[in-house]
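Below is one structure, written out as structure tokens; comments come after it.
Proteins come first, then strands; the chains are lettered A, B, ... in the order of their sequence lines, and each starts at number 1.
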Amino acid sequence: MAWVTVKDALAGKYAEGTTITAKGWVRTRRDSKAGISFIQLNDGSCMGNLQIVAPATLSNYASEIQHLTSGCAIEADGVLVRSQGQGQAFEIQASAVRIVGLVDDPETYPIQPKAHSYEFLREVAHLRPRTNTFGAVTRVRHAIKQSIHRFLDSQGFCWVNTPIITASDCEGAGQLFRVSTLDLMNLPRTDSGKIDFSQDFFGKEAYLTVSGQLAVEAYCLALSKVYTFGPTFRAENSNTPRHLAEFWMIEPEIAFGDLNDDASLAEALLKAVFKDVLDRCAEDLRFFDERVQKGVIARLEQMVGSEFARIDYGDAVIALQNANKVFEFPVHWGADLQTEHERYLTEEYVGRPVVVMNYPEQIKAFYMRLNDDGKTVAAMDVLAPGIGEIIGGSQREERIDRLDARMVQFGLEPHAYEWYRDFRRYGSVPHAGFGLGFERLVAYVTGMANIRDVIPYPRTPGNAAF
RNA sequence: UCCCAGAUAGCUCAGCGGUAGAGCAAGUGACUGUUAAUCACUGGGUCGCAGGUUCGAUCCCUGCUCUGGGAGCCA
């Protein structure tokens, strides 16, 4: 007897009358005195459940089947038939239903056939994948990740795995998580009383990476088109629906490219992903559209079909100053854009995704390329309606004298960056890249409001359960 | 980290200065194929923690913890 997935059985992949076996977890059981129990079986292969029709003539009907509750694991053998009822095309007329794993105490099983709050489900993050919502999130997350790899591969990019542990404390923004094997109760000290990190595992201070960008730039200046895609860590005490302490980031880097090439790549990547997900995850997206956030499908379709707007930072400031709208924070040239400004630009001023380019040099990172005006750097943010900043990127400073000057300006010691300066000394070329927050992308596609609900086990300040 | 709100049954919530309620879930029974079925009955709570006010606190006050929303930082 062939074991088939619920997805294939519901899709009509097998002929009527085929004898099959389905395996999964019970969502609900309904009994009829006619001598039939209806079991909704889900195996995570798709949103839908397979209806198992279990007749009272089965030997374990009264002893086991009538005691099945939500969450029980079973195997069902039977013939695939057209359903007499509404709601499903096919069902299994069961010849045997075997209990694989019972729910010990049904009253305390957290996942009930009803709506739960996301807050509650976070407390049972190990069981929430059994809900419709988290099953769909998990499938869509997977599809997006595959789509990103497919798109970049098709464009000739090479996936480079940059380190997760880094001993260079110079990756730029963000508070770092320390990595150490020193005994915290008995720290070795130097003569001057400081902690002696020469005795630590790596012989120096080490941290979890906040970005693979610096490391991937080196590979870019050899393989031309590269990207990193891996976990990154920020020890910031941010408590918002858009931040995680551990999240995944996609960071492409292109050689012989400038900021416009960078923006074009960002736009093409986002469109390719959205198109792919619309094609491959139609059922799950319909669920999100109906139950999670109205209009997510239309939003994705619109993104695929429209050109992203591009606007210079200076023009954006003028647009904000001329806006018939009162902002909490006033806008002036030289100030960083606040969330309210970004949302106005993308949602009201242009009404679609917008790339803001060429920011004042004082408010951006040291590695960003100084423009000819001497006042701005070749940095960009991609802003999307409903979420705000989804991508941040820049053309990198490839001229070593300018790079050194900016390091000094930011209070950095160029000698600490010798390896990063090396590839400016040996065959340097213009290059650019960006960072795309993977979970923010998943949240945008699914319409899920809190980023903690688009990653299996969210890590946030004060929370690393599971 | 700052501002605001909240914490009552397994879950979602109502309640009120006089000692606790509903719906769903669970258990039992009824029901000729059901669609988060329906109907009846049953069990289930140190009302977040610690103090204070009061004859009496789940309710009022203070502190703490945790959760959510907004802001900052950013992806």
Side-chain angles (χ1 to χ4, degrees), chain A residues 27-40 42 48-56 66-67 69-71 81-88 91 93 103-124 127 131-132 172-175 210-213 229 231-251 266 291 328-329 336-340 342 363-365 381-384 387-393 434-444 449-453 455 460-463 465:
Chain A
R27 284 292 175 81
T28 63
R29 187 198 87 241
R30 295 178 295 274
D31 298 330
S32 164
K33 201 56 179 179
I36 294 178
S37 284
F38 300 94
I39 300 163
Q40 297 296 329
N42 189 281
N49 303 319
L50 183 59
Q51 177 157 280
I52 312 293
V53 183
Q66 284 197 299
H67 296 284
T69 55
S70 296
V81 297
R82 262 184 205 286
S83 179
Q84 298 171 33
Q86 306 290 309
Q88 60 280 317
E91 64 191 17
Q93 196 68 45
V103 169
D104 292 337
D105 183 3
E107 186 161 5
T108 59
Y109 181 61
I111 310 300
Q112 300 167 5
K114 58 169 284 189
H116 295 285
S117 67
Y118 294 128
E119 292 83 3
F120 169 69
L121 290 172
R122 270 170 228 149
E123 295 171 10
V124 287
L127 295 173
T131 64
N132 285 334
Q175 293 282 99
V210 296
S211 164
Q213 180 202 311
F229 190 172
T232 49
F233 307 86
R234 307 267 169 100
E236 304 282 359
N237 189 16
S238 357
N239 295 284
T240 84
R242 297 180 302 282
H243 290 84
L244 291 165
E246 175 183 302
F247 64 99
W248 288 63
M249 189 155 62
I250 304 106
E251 295 175 281
R291 301 291 186 87
E328 187 185 346
F329 297 93
D336 212 351
L337 300 181
Q338 305 291 314
T339 299
E340 57 175 344
E342 296 182 338
I363 61 172
K364 289 293 181 180
D381 283 345
V382 179
L383 312 177
I387 192 168
E389 182 179 341
I390 193 168
I391 284 177
F434 61 81
L436 167 58
F438 180 62
E439 281 75 17
R440 287 189 180 173
L441 181 61
V442 178
Y444 186 76
N450 195 313
I451 200 166
R452 299 168 194 200
D453 298 325
I455 188 168
T460 53
N463 201 334

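- Here the nucleotide nearest the side chain of A/Glu119, chosen from B/G68, B/C73, B/U34, is B/G68.
- At whole-Å resolution of the value, CZ in A/Phe233 and C1' in B/A75 are 14 Å apart.
- Contact between the side-chain N/O atoms of A/Thr28 and the OP1/OP2 oxygens of B/A37 is found at a separation under 4.0 Å.
- Among the protein residues, A/Ile250 comes within range of no part of the nucleic acid, since none of its heavy atoms lies under 4.0 Å from any strand.
- Nearest nucleotide to the side chain of A/Phe247, out of B/U34, B/A75, B/A71: B/A75.
- Residue A/Asp105 places its CG atom among more than 12 non-hydrogen atoms of other residues, nucleotides or ligands, all under 6.0 Å distant.
- Using a 4.0 Å heavy-atom cutoff across all strands shown, A/Phe120 reaches sugar-phosphate atoms only and no base atom.
- The listed nucleotides are B/G72, B/G68, B/C74; the one nearest the side chain of A/Arg122 is B/G68.
- The side chain of A/Ile451 lies closest to B/A75, out of B/G72, B/U35, B/A75.
- By the 5.5 angstrom centroid cut-off and the 30-degree plane limit, A/Phe38 is classified as not stacked against the base of B/G33.
- Side chain of A/Ser32, nearest nucleotide from B/U32, B/C11, B/U35: B/U32.
- Considering only side-chain N and O atoms, A/Gln88 lies nowhere under 4.0 angstrom from the phosphate OP1 or OP2 of B/U35.
- Checking the phosphate oxygens (OP1, OP2) of B/A75, no side-chain nitrogen or oxygen of A/Thr232 falls inside 4.0 Å.
- Taking a pair to require two hydrogen-bonding distances under 3.5 Å in either a Watson-Crick or a G-U wobble arrangement, B/G48 pairs with B/C64.
- Under the Watson-Crick or G-U wobble criterion, with both distances below 3.5 Å, B/C11 is paired with B/G23.
- Residue contacts shown for A/Arg242 include a base, since a base heavy atom lies under 4.0 Å away.
- When distances run from any side-chain atom of A/Arg30 to the nucleotides B/A37, B/A75, B/U67, the shortest one goes to B/A37.
- Here A/Glu328 lies out of heavy-atom contact (under 4.0 Å) with every strand.
- Distances shown here put every side-chain N or O of A/Arg29 at or beyond 4.0 Å from the OP1 or OP2 atom of B/A37.
- Of the inter-residue distances, the one linking A/Leu244 atom CG with A/Thr460 atom OG1 reads 7.5 Å to the nearest 0.5 angstrom.
- Atom-to-atom, CD of A/Gln112 to P of B/U12 comes out at 9 Å; the value is rounded to the nearest Å.
- Among the nucleotides B/U67, B/G33, B/U34, the one closest to any side-chain atom of A/Gln93 is B/G33.
- Judged by Watson-Crick or G-U wobble contacts below 3.5 Å, the nucleotide B/U1 has B/A71 as its partner.
- Listed nucleotides: B/G33, B/C73, B/G68. Nearest to the side chain of A/Asn450: B/G68.
- With distances taken from any side-chain atom of A/Phe329 to the nucleotides B/U1, B/C11, B/G72, the minimum falls on B/G72.
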